[in-house]
There are 2 protein chains.
Amino acid sequence: MAERAFLPHLAYDSVVFGFSGDELKILIMEYHNTGLFALPGGFVGSNEDLDLAVRRGLAERTGLSDIYLEQFHAFGSMARYKPEVMATILQANGHNPERDFPWMLDRFITIAYYALINYKDVVPKPDALSDSCRWYPVKELPKLILDHEGIVEKAVLTLRENLDRKLVGGNLLPQRFTMKELQHVYEAILDTKLRRTTFQRAMLATGRLKRHDKQYSGKAHKAPYLYSFT
Amino acid sequence: MAERAFLPHLAYDSVVFGFSGDELKILIMEYHNTGLFALPGGFVGSNEDLDLAVRRGLAERTGLSDIYLEQFHAFGSMARYKPEVMATILQANGHNPERDFPWMLDRFITIAYYALINYKDVVPKPDALSDSCRWYPVKELPKLILDHEGIVEKAVLTLRENLDRKLVGGNLLPQRFTMKELQHVYEAILDTKLRRTTFQRAMLATGRLKRHDKQYSGKAHKAPYLYSFT
DNA sequence: TATTATTGTTACAAAATGAGACAATAATGA
DNA sequence: TCATTATTGTCTCATTTTGTAACAATAATA
């Protein structure tokens, strides 16, 4: 068999979470002239670590290296095999799918990751096939291709389960943040209101928060401390 | 490209947990004339659901269908690519690897599952390349090929995390079991002693246990109830 | 019929959590 | 200057959950 750049039949998709306006958002791509929306994804180089392939793709789309990334599921049902979707996307970009990219019409098993990033650090960049790469609130997603909506759903569920266990909430905020900001992140992820005092006590009890200087907001009230995770 | 039976570069491995003699055990295969031990695994048919491929392989090895199965991680580093291992196994079985099975020398990404089964229901069966398929205590495994020891370790950690959250302990026991048996399963998985009364209270509080008739053991003491999960 | 080992339940202490009160600010504005 | 306002950090107390031990109820045995 000839050398090939990527492993056949294998892809990854990434659910990139950001936090802005007290909402949990994710990056969604739109393909040129199709009205089709999808998770940002990519392929794995024939001699490339799976994890590194995902980091590479994320770096290209967000400009960020060194981001919090976690693999959560591989999706491999036959039900997700719909070659006509990829054919539509390729045709809309002026390609002849069967002639130019026959391997993209194959069946794919995708390994899904979620990433947590500081919203303000990111300038989303689309790829060659895509029109745009934009933030959408998790609660107001457009219709996505294939099983991507199910992938997002599982990502959110996994993130919820890992929130307390791995204390990952801070990865959606700048290095230093107030207790209220952290609480809003938790509330957005869990989709529920939390009690301020109980939350503060629980967070401090983890022993993972370092307290820094106060943040003076210019508002007429006590200034909150800034915290960071250790 | 010619039709092929299996997706290239993709495999699955299964960590099959059983419980016997108050120990947590897993199924390990030994390859003919090599002294090499490995997790039971297999390949995914070109038109086969990933999950069903794993169930098919498990059914062949355990004789069981309808078992508790959970995917927990895909392993895809380049460090796990050691074609000489598979070459050794094929040669020991009288094959010429390069000529007969060149694709088995390729790089593989493996998707790992763990299964929980009732030890007594299983008669392990090796496959064509294997000598034996036997139970080994998790704490006394032989040296395994490639990254299979890391796969087992991650399986155990995942099982521990899921134990309370998904109440999966009962899948390692017969349909009906005593509270003491269930406690022993928990103790084996968590590798720690539990307090009898606290455990009993917590289990009953889940509301997922149904109480059946008593089990008379012939011993000189009160007979325990049998329970099943709903 | 007393003894033994084990089980299911209860009782009480200790710890964790829920819910509110309260004092301590930063700015504002009379 | 000094009361006012909004928010923060902490404390208090009630409630719930958990840790620990005691106790009563068995099945078989001697």
Side-chain angles (χ1 to χ4, degrees), chain A residues 19 21-22 160-161 163-167 169-170 173-230, chain B residues 19 21-22 160-161 163-167 169-170 173-230:
Chain A
F19 178 73
D22 284 359
R160 276 183 196 154
E161 288 171 357
L163 187 56
D164 281 317
R165 211 150 46 73
K166 305 191 177 179
L167 287 178
L173 291 172
Q175 194 74 43
R176 297 188 177 191
F177 46 84
T178 66
M179 194 61 80
K180 174 175 263 184
E181 289 169 335
L182 187 60
Q183 182 177 340
H184 286 334
V185 166
Y186 271 66
E187 290 175 337
I189 293 174
L190 299 174
D191 195 22
T192 177
K193 285 279 169 201
L194 299 175
R195 190 157 279 271
R196 184 180 65 91
T197 54
T198 309
F199 179 78
Q200 177 136 338
R201 176 169 55 191
M203 281 300 117
L204 293 177
T206 64
R208 299 271 312 275
L209 281 181
K210 186 163 164 19
R211 180 177 281 181
H212 303 281
D213 293 337
K214 293 191 173 185
Q215 184 187 56
Y216 295 90
S217 62
K219 301 287 178 58
H221 55 73
K222 189 173 180 176
Y225 288 107
L226 287 172
Y227 297 89
S228 66
F229 275 103
T230 58
Chain B
F19 178 73
D22 283 0
R160 278 183 196 157
E161 288 170 358
L163 187 55
D164 282 316
R165 210 149 46 73
K166 305 190 176 178
L167 286 178
L173 291 171
Q175 194 75 43
R176 297 188 178 192
F177 46 83
T178 66
M179 194 61 80
K180 173 176 261 186
E181 288 168 335
L182 186 60
Q183 181 176 341
H184 286 333
V185 166
Y186 271 66
E187 290 175 336
I189 293 174
L190 299 174
D191 194 23
T192 178
K193 286 278 168 202
L194 297 176
R195 193 158 275 271
R196 182 181 65 92
T197 53
T198 308
F199 179 78
Q200 177 136 338
R201 176 171 53 192
M203 282 301 118
L204 293 177
T206 65
R208 299 270 311 275
L209 281 180
K210 187 163 164 21
R211 181 177 281 180
H212 303 280
D213 293 339
K214 293 191 174 187
Q215 183 186 56
Y216 296 89
S217 62
K219 300 289 180 54
H221 56 72
K222 191 172 178 178
Y225 288 107
L226 288 172
Y227 297 89
S228 65
F229 276 101
T230 57

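Letters A, B, ... are given to chains in the order of the sequence lines, protein chains preceding strands, and every chain is numbered from 1. Here the structure is a predicted model, which means the values were calculated and not measured. When reading the values below, keep in mind they use all heavy atoms of this one structure, side chains included, and skip hydrogens, waters and symmetry mates.
A donor-acceptor contact under 3.5 Å is formed by the side chain of A:Arg201 with the base of C:dG18.
The interatomic distance linking A:His221 (NE2) with C:dG29 (P) rounds to 14 Å, in whole Å. Across the protein-nucleic acid pair, A:Met203 atom CE and D:dG9 atom C1' stand 16 Å apart, rounded to whole Å. Following rounding to the nearest Å, A:Glu181 (CD) and D:dT7 (P) show an atom-to-atom distance of 14 Å. Atom pair A:Lys219:NZ and D:dT7:C1' shows a separation of 11 Å (rounding to whole Å applied). Here C:dA26 presents its C1' atom at 16 Å from CG of A:Asp213, a figure rounded to the nearest Å. Note: NZ (B:Lys214) to P (C:dT9) measures 10 Å, nearest angstrom. Following rounding to the nearest Å, B:Tyr216 (OH) and C:dT6 (P) show an atom-to-atom distance of 18 Å. If you take OH of A:Tyr225 and P of D:dT10, they are 7 Å apart, rounded to a whole angstrom.
You'll find that the side chain of B:Gln200 is closest to C:dT9, out of C:dT9, D:dA6, D:dT20. Looking at the side chain of A:Ala220, the nearest of the listed nucleotides D:dT20, D:dT5, D:dA27 is D:dT5. Nearest nucleotide to the side chain of B:Arg195, out of C:dA21, D:dA6, D:dT20: D:dT20. Distances from the side chain of B:Lys222 to the nucleotides C:dT17, D:dA28, C:dT6 place C:dT6 closest. With D:dA28, C:dT9, D:dG9 as the candidates, the nucleotide lying closest to the side chain of B:Arg196 is C:dT9. Picking from C:dT25, D:dT12, C:dT9 the nucleotide with the shortest atom distance to the side chain of B:Leu204 gives C:dT9. Listed nucleotides D:dG9, C:dT7, D:dA28 differ in distance to A:Arg211; the shortest reach to its side chain belongs to D:dG9. Side-chain atoms of A:Thr198 lie closest to C:dT17 of the nucleotides C:dT17, D:dA28, D:dG9. The listed nucleotides are D:dT18, D:dG9, C:dA26; the one nearest the side chain of A:Met179 is D:dG9.
Between A:Leu163 and A:Tyr186 the shortest side-chain heavy-atom distance falls below 4.5 Å.
In this structure, A:Phe229 and A:Phe177 have tilted ring planes: the angle between them lies in the 30° to 60° band.
Side-chain nitrogen and oxygen atoms of B:Lys180 include none within less than 4.0 Å of the OP1 or OP2 phosphate oxygen of C:dT6.
Heavy-atom distances to DNA chain C give each of B:Thr178 and A:Gly218 a nearest nucleotide, and the one nearer the 5′ end belongs to B:Thr178.
Using a 4.0 Å heavy-atom criterion, one finds that A:Thr197 contacts the bases of the nucleic acid, with or without backbone contacts as well.
Heavy atoms only, all atoms of each residue included: A:Arg176 and A:Ser228 are closest at CG-CB, 4.4 Å. The two residues A:Gln200 and A:Tyr227 have their closest heavy-atom pair at NE2-OH, 4.3 Å.
A:Glu187 and A:His184 share a donor-acceptor pair across their side chains, judged by distance under 3.5 Å alone.
When atom types are taken as modelled, the side chain of B:Gln183 and the backbone of B:Leu194 share a donor-acceptor pair closer than 3.5 angstrom.
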